[in-house]
Amino acid sequence: MTDIISLLNPAQKEAVETTQGALLILAGPGSGKTRVITHRIAYLLNVAGISPRRILAVTFTNKAANEMKERLNILVGPMAENLTVGTFHAVCAKMLRIDGKTIDLDSDFTIYDRDDQTALIKKVMEKVGISKETIAVNATIAEISKSKSELITPAIYTQKAASFFEKQVANIYKRYQSELVSSKALDFDDIIMQTMHMLQNSETVLKKYQTRYQYVMVDEFQDTSPVQYELVKLLAGSSGNICVVGDADQSIYSWRNADIRNIVNFEKDYLQAKVVRLEQNYRSTGSILGAASAVIAQNKHRKEIKLWTQNGSGEKIVANVCLEPKEEGQYIVKEIESLVTGGKASFKDVAVMYRANAQSRAIEEAFIRYGMPYRLAAGTRFYERKEIKDIVAYMRLMQNPYDSVSLLRVINTPARGLGDKSLNDISLWAENNNILLYDALALLKSAERQVTGLSLRAVKALLSFYQMLESWRQKIDALDLVGLFDLICIDIKYKEYLQSMEDGQERWENVQELRSTLQLHIGLASETLPLVLENIALISDVDSLEEGASAVTLITLHQAKGLEFLAVFIAGVEENILPHIRSVADEGELEEERRLFYVGITRAKKYLYITRCEGRVGYSGFAINDPSRFLNDIPEQYINNKSNSKPRMVIKTPLQYRPWSHYSSSKDAADSGMKTTLNKERFAPWDAPAHYEEKYIEIEPLKQGDKVHHPIFKEGVVLSYKEKGSDAEVVVQFWGEAGQKKLLASFANLTKTGLA
DNA sequence: GCGGCGGGCTTTTTT
DNA sequence: AGCCCGCCGC
């Protein structure tokens, strides 16, 4: 242990050795934060002799939690098993499953993800008669979520509702919450809010957890919401041993109700708190760090932390301007190629980051064209696919038949002759009789069906659906998860259903992939249905990024937080993209955008490339974008600006070689037909017909009077020539019938045949 | 009344 | 890619 301590710098050492009382660790990027947290836990265990059961460590993502567990396993061995390490949601869900009954919550509650939440809100809005033209569904969800993160219940919200919007939301919120309760379901915010409620409600439960967790640690503290902070305070209440680690400059989740003020409040709430600053950066070169510091220094509202490094200044950041996203993707791929062939990096050392998921498309296409291996966090998210959600919904109903969102999702999927009319009738009947939908199905068997006004056909369909679910329920104890899964797929004829669709084959393969994932749980402690379904609900895209794969990582800037790469490309560093167009109007949001850029920059260890396009196709057609204002903040000494915004034209050229076949790693992966769960790594097929690149060739400027040839309009003479961004507008008088034409130089394909 | 199909719109970031 | 909407055939 002493060896471990001796490897730490003085600040890190102080953080590790401060075990009692409140501790605030302000940790700049790359300052060895994870190391400090893990070593602090090891110190608590090995030096202070604390039992692992007394320690709670909360992280932001499952990935971070798993990483921490792995490192601790190495540091302290099997003792690590008894630590509680997890995300807020995972830790709280567990507490609720154990002690939720004290607040009338069944242990087999269902967790609603964002999709389920949307479905339920829509249903509620319909029921209370508020159309989504009146109030946007997303705004409603955001408002409710925000309220929950501040412990504002429907009752309190209703009292305070003043504006028209708030009054509508109050109505929806109240109904939404009661639907959640009758569905035995919790949304993400409920998981935290109900835990809080549970602890406040029962002195016994509170004492139990306060006694159990004598040492509480929170990572990424800047991203905690008000409730999350309250919860942590409550848990650490009796011992007062609370350690939070954060960096206000990396706070990028305010839109998810994270509250940067928690850091300030911490010092007010714990006046005795020791504050440790980790300011030495071990990750990046001087240039990268210098640029990052200069960028973040522009934020007015910040608690200054001065990063420094003993690393050399390294290479300058490379900034490049492209005509459009296609060229940007191509530029990135070619730069990666030269990094790799130059032996400076391998694929897995490289990440491409962007502000919005939509940007990944053009970049991906370049990777596919060149056959360069890549992995994508959040392609079309696996668990959000229809075919996966369908099967998961059926499985959820086995756990909790009152889960109304799942029930309504599958009651007519695959189609069994139940339309809006029938479903409305039965729902209404259930409601009027004050029973839940599932129980209403059970009652159909007896004579009461006349009351419902349902057609005989609908009654039959509903009954056979109900009986199918019940027959599974009877067999469930004898089956493992995969057995249940297979039973469901067969009984609902899901394969046949999918195969009637255009992309049925691929969808069925996805279903099989879900089956393989379930297979992994068999025999483990986590095999129970509630736990598996909980994992599915709480998993995130970064969590499922395959480690060690020989592929370039494509990832959003948000997802990249907490990660590091030898080489980083940040794409689309333009006004309207970064900062995002929806953030520029508000000073606070603009500062968050800047922090986002800062997070991106500080992910890079050695090589950083910043690219931007002069224009791109947006929602409303092609838009010219100025360089991001953040670029001006990077001093010239750190950055190499390449500028080639001369008019250019695009030529497709076939590639004569198989680009990456000489890299065994990627070839092996492709040959083995590599299949990974969740985020598939994708490789362009080797027999892909055309690997081609698009050459962006500078257009030779034309002058008035130049003679030109056009493939269709034939011969003509230039009347005028005007450069417009990276293109040019040419007016030509053709001799033939075409007459006078206004053309774009990049597309017109003009050849100069004579000078003026 | 139900199912299926085509067109339009979507998205900023996500536990 | 998926949802919503309107339309049409059964």
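Every chain is numbered from 1 and lettered A, B, ... according to where its sequence line falls, protein lines coming before strand lines.
Between the NZ atom of Lys123(A) and the C1' atom of dC3(C) there is a distance of 18 Å, rounded to whole Å. Computed from coordinates, the Arg457(A) CZ to dC10(C) P distance equals 16 Å when rounded to whole Å. Atom CE of Met193(A) is separated from atom P of dT15(B) by 21 Å (rounded to the nearest Å). Between Lys421(A) atom NZ and dC2(B) atom P there is a gap of 8 Å when expressed in whole angstrom units. Atoms CD1 (Ile411(A)) and P (dG3(B)) sit 12 Å apart, rounded to a whole Å. Across the protein-nucleic acid pair, Ile555(A) atom CD1 and dT14(B) atom P stand 9 Å apart, rounded to whole Å. For the pair Lys386(A) NZ and dC3(C) P, the computed distance is 7 Å after rounding to whole Å. The distance from atom NZ of Lys148(A) to atom C1' of dT15(B) is 14 Å, rounded to the nearest whole Å.
A close approach under 4.0 Å does occur between a side-chain nitrogen or oxygen of Asn357(A) and OP1 or OP2 of dT13(B). Residue Ser422(A) has a polar side-chain atom (N or O) positioned under 4.0 Å from OP1 or OP2 of dC2(B). The phosphate of dT14(B) has OP1 or OP2 within less than 4.0 Å of a side-chain N or O from Gln559(A). Asn257(A) has no side-chain polar atom (N or O) that falls below the 4.0 Å cut-off from OP1 or OP2 of dT15(B).
Among the heavy atoms of the strands, none lies under 4.0 Å from Leu557(A). When heavy atoms are screened at a 4.0 angstrom cut-off, Phe60(A) is found touching the sugar-phosphate backbone but no base atom. Arg595(A) comes within 4.0 angstrom of no nucleic acid atom, judged by non-hydrogen atoms across all strands. Note on Lys132(A): only backbone sugar-phosphate atoms sit closer than 4.0 angstrom, heavy atoms only; bases stay farther off. As judged by a 4.0 angstrom heavy-atom cut-off over every strand, Asp113(A) is placed among residues making no nucleic acid contact. At the heavy-atom level, Arg507(A) lies under 4.0 Å from the strands shown only through sugar-phosphate atoms. Among the heavy atoms of the strands lying under 4.0 Å from Asp420(A) are primed sugar atoms or P, OP1, OP2 only; no base atom is included. Looking at heavy-atom distances under 4.0 Å, Lys561(A) makes no contact with the nucleic acid at all.
By the 6.0 Å and 45° rule, Arg256(A) stacks over the aromatic ring of Tyr253(A). Figure legend: cation-pi geometry between Lys495(A) and Tyr497(A) absent, as NZ or CZ is not positioned both under 6.0 Å from the six-membered ring centre and within 45° of its axis.
Listed candidates were dT11(B), dG3(B), dT15(B). Nearest to the side chain of Asn138(A) is dT11(B). Side-chain proximity of Thr556(A) to dT14(B), dC3(C), dT15(B): nearest is dT14(B). For His558(A), the side-chain atoms get nearest to dT13(B) when compared with the rest of dC2(B), dC3(C), dT13(B). The Lys122(A) side chain lies nearest to dC3(C) when the options are dG1(B), dT14(B), dC3(C). Closest approach to the Arg385(A) side chain among dT11(B), dT14(B), dG2(C) is made by dG2(C) (side chain taken as heavy atoms from C-beta onward).
Donor-acceptor pairing under 3.5 Å is recorded for the side chains of Asn262(A) and Thr224(A). Donor-acceptor pairing under 3.5 Å is lacking for the side chains of Asp113(A) and Tyr383(A).
Ion pairing between Glu387(A) and Arg385(A) holds under the 4.0 Å rule for side-chain N and carboxylate O. Classification of Glu589(A) and Arg582(A) as a salt-bridged pair fails, no side-chain N sitting under 4.0 Å from a carboxylate O.
Residue ring and base: Trp255(A) counts as stacked with dT13(B) (centre distance below 5.5 Å, interplanar angle below 30°).
In this pair, Phe188(A) and His89(A) present their aromatic rings perpendicular. The plane angle is above 60°, beyond the 30 to 60° band.
Comparing Ile252(A) and Ala415(A) by the nucleotide of DNA chain B whose heavy atom lies nearest to each, the residue mapping closer to the 5' end is Ala415(A). Residues Ala458(A) and Tyr253(A) both approach DNA chain B. Their nearest nucleotides, taken by heavy-atom distance, put Ala458(A) toward the 5′ side.
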